[in-house]
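Naming: A, B, ... by sequence-line order, numbering from 1 per chain. Everything numeric here is computed off the predicted structure, so don't read it as measured data.
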Number of protein chains: 2
Amino acid sequence: MENIQNLLSHHQIKPSYTRMVIFRYLRDNHTHPTVDEIYQALAEELPTLSKTTVYNTLKLFIDHHLVREINLKEQKRYDVVTTPHAHFKCDRCDELYDVEIAPPSLDEKSSELFVVRDVQLLYHGVCRKCQKTT
Amino acid sequence: MENIQNLLSHHQIKPSYTRMVIFRYLRDNHTHPTVDEIYQALAEELPTLSKTTVYNTLKLFIDHHLVREINLKEQKRYDVVTTPHAHFKCDRCDELYDVEIAPPSLDEKSSELFVVRDVQLLYHGVCRKCQKTT
DNA sequence: TATAGAATTGTAATGATTACAAATTTATAA
DNA sequence: TTATAAATTTGTAATCATTACAATTCTATA
């Protein structure tokens, strides 16, 4: 928990208890949870937690580049920023898998035009499990 | 319009007039429009058009891999499927640019697990225009 | 020209997200 | 410590895109 306190502080985020708990949840659960899943998971530990706070806190983390938002067709999911990697989303079961491929950098020409802050590489298709169940 | 009729037919889509007009709009306007923009743009030509029809038709096109849905934070945008390319989304002005980079294929190991139907490569950051205006 | 099936439409329901003001907590300084 | 200001958290209501669904219109075929 101390680590988290320092990490948030280093990113100019005041480490309130609520924020630390939410961050810890994301750090320890790389399941790409939805807002609702985060809220449900922490409701016991933080009985007064409000869903608005989850939204606010995620926005704060995202603005400070600690957390990344993955915009899927069905819902938004959240992921702590770690090493560059891609995702595979199964269109049958909606599961989101990590894939160890680093997204390519912009080509030289585009680099002159755009300042990149984040890259997302997302594959769609059918996962192993769902291939078997037809 | 004949081309479109054939194209839809080849993809097992019955080429109704409404569908052809919607497809033509997407083919001729690579602006990554939202549902509402499509609806507004065609309201004059198709006075009885319903937004539900736009939704239905896009879903049909997507299921048949003629159109791709781009899930942005703020809204969904639509793009006819052409050559593989990436997108750059400006977080200041929300403009979505085409970038001529082909997304990488899955690595060998992942290929064994996943059957890929589509790939999306999306860069986020600040575009040229917005860099100038601070 | 009647009929079945498909496509389109309009309205209502849903559900995630945001706006916002009130309440609570935390930090600061007298 | 105690008062005050600032920041954080909360709860409710509003918003808005999307979906569900039943009714209507259109199209193809017998």
Side-chain angles (χ1 to χ4, degrees), chain A residues 1 4-5 8-9 11-26 32-64 66-78 91 94 96, chain B residues 1 4-5 8-9 11-26 32-64 66-78 91 94 96:
Chain A
M1 210 60 160
I4 293 174
Q5 188 168 1
L8 296 187
S9 294
H11 286 262
Q12 346 294 346
I13 295 172
K14 197 186 287 188
S16 75
Y17 184 65
T18 304
R19 288 170 180 172
M20 290 195 288
V21 170
I22 291 176
F23 189 86
R24 185 178 58 191
Y25 178 78
L26 290 169
H32 317 100
T34 62
V35 165
D36 203 63
E37 284 166 353
I38 298 168
Y39 173 75
Q40 298 296 338
L42 300 179
E44 201 176 330
E45 181 169 0
L46 301 173
T48 68
L49 182 64
S50 143
K51 206 176 277 188
T52 301
T53 300
V54 179
Y55 276 105
N56 290 342
T57 306
L58 287 171
K59 180 173 180 354
L60 188 70
F61 290 163
I62 291 166
D63 288 347
H64 288 77
L66 286 170
V67 165
R68 168 177 297 148
E69 187 174 67
I70 306 168
N71 297 295
L72 300 184
K73 181 184 180 46
E74 298 81 9
Q75 74 263 104
K76 296 180 178 173
R77 311 229 194 149
Y78 298 89
D91 289 329
D94 284 359
L96 193 66
Chain B
M1 211 61 161
I4 293 176
Q5 187 169 2
L8 296 187
S9 295
H11 285 263
Q12 346 296 344
I13 295 171
K14 197 185 285 188
S16 75
Y17 185 64
T18 305
R19 289 169 179 173
M20 291 196 288
V21 170
I22 291 176
F23 189 86
R24 184 178 58 191
Y25 179 77
L26 290 169
H32 317 100
T34 63
V35 165
D36 202 63
E37 283 166 354
I38 297 168
Y39 173 74
Q40 297 298 338
L42 300 179
E44 201 177 330
E45 182 170 1
L46 301 173
T48 70
L49 182 64
S50 143
K51 207 176 276 189
T52 301
T53 299
V54 179
Y55 277 104
N56 291 341
T57 306
L58 287 172
K59 180 173 181 351
L60 187 72
F61 289 164
I62 290 166
D63 288 346
H64 289 77
L66 286 170
V67 165
R68 169 176 298 148
E69 187 174 66
I70 306 168
N71 296 295
L72 300 184
K73 180 183 180 48
E74 297 82 8
Q75 75 262 108
K76 297 180 178 172
R77 311 231 193 146
Y78 299 89
D91 289 329
D94 284 358
L96 192 67

Between A:Y39 and A:S50, which heavy-atom pair has the shortest distance, and what is it?
CE1-C, 3.9 Å

Whole Å only: how far is the OH atom of B:Y39 from the C1' atom of C:dT8?
13 Å

Rounded to the nearest angstrom, tell me the gap between atom CD in B:Q75 and atom P in C:dT18.
12 Å

NA contact type, A:K51, heavy-atom cut-off 4.0 Å: base, sugar-phosphate, or nothing?
nothing

Report yes if at least one side-chain N or O of B:T53 is closer than 4.0 Å to OP1 or OP2 of C:dT9; otherwise report no.
yes

Value in whole Å for how far the C1' atom of C:dT17 lies from CG of A:N71
13 Å

Write down the distance between CD (A:E37) and P (C:dA16), rounded to a whole number of angstrom.
11 Å

Does CD in A:E45 sit with more than 12 non-hydrogen atoms of other residues, nucleotides or ligands closer than 6.0 Å?
yes

Most 5' of A:S50 and B:T52 on DNA chain D, judged by nearest nucleotide:
A:S50

When all nucleic acid strands are considered with a 4.0 Å heavy-atom cut-off, which category describes A:K76: base, sugar-phosphate, or nothing?
sugar-phosphate

Could you tell me whether B:K73 and B:D94 have a side-chain N and a carboxylate O separated by less than 4.0 Å?
no

Return the value, rounded to whole Å, for the distance between atom CE of A:M20 and atom P of C:dT26.
11 Å

Between atom CG in A:D36 and atom C1' in C:dT14, what is the gap in whole Å?
14 Å

To the nearest Å, give me how far apart CD (B:Q12) and P (C:dA6) are.
15 Å

Between A:V54 and A:I22, the two heavy atoms sitting closest are CA-CD1, 4.3 Å

Within the 4.0 Å heavy-atom criterion, would you say A:N56 contacts the bases, only the backbone, or no part of the nucleic acid?
base

Over all strands shown, is B:T34 touching base, sugar-phosphate only, or nothing at heavy-atom distances under 4.0 angstrom?
nothing

Check whether any side-chain nitrogen or oxygen of B:T18 sits under 4.0 Å from OP1 or OP2 of C:dT8, and answer yes or no.
yes

Taking all non-hydrogen atoms of both residues into account, name the closest pair between A:P15 and A:L8 and its distance.
CA-CD1, 4.1 Å

Could you tell me from which nucleotide to which nucleotide of DNA chain D, 5' to 3', there is an atom under 4.0 Å from chain A heavy atoms?
D:dA7 to D:dT12

Closest-nucleotide 5' rank along DNA chain C - winner of B:T57 and B:K73:
B:T57

From C:dA16, C:dA27, C:dG10, nucleotide with atom closest to A:Y55 side chain:
C:dA16

Given atom CG of A:L58 and atom C1' of C:dT18, what is their separation to the nearest angstrom?
14 Å

Counting only heavy atoms not in B:E44, do more than 12 sit closer than 6.0 Å to its CD atom?
no

Taking all non-hydrogen atoms of both residues, which atom of B:H64 and which atom of B:Q12 are closest, and how far apart?
NE2-O, 4.1 Å

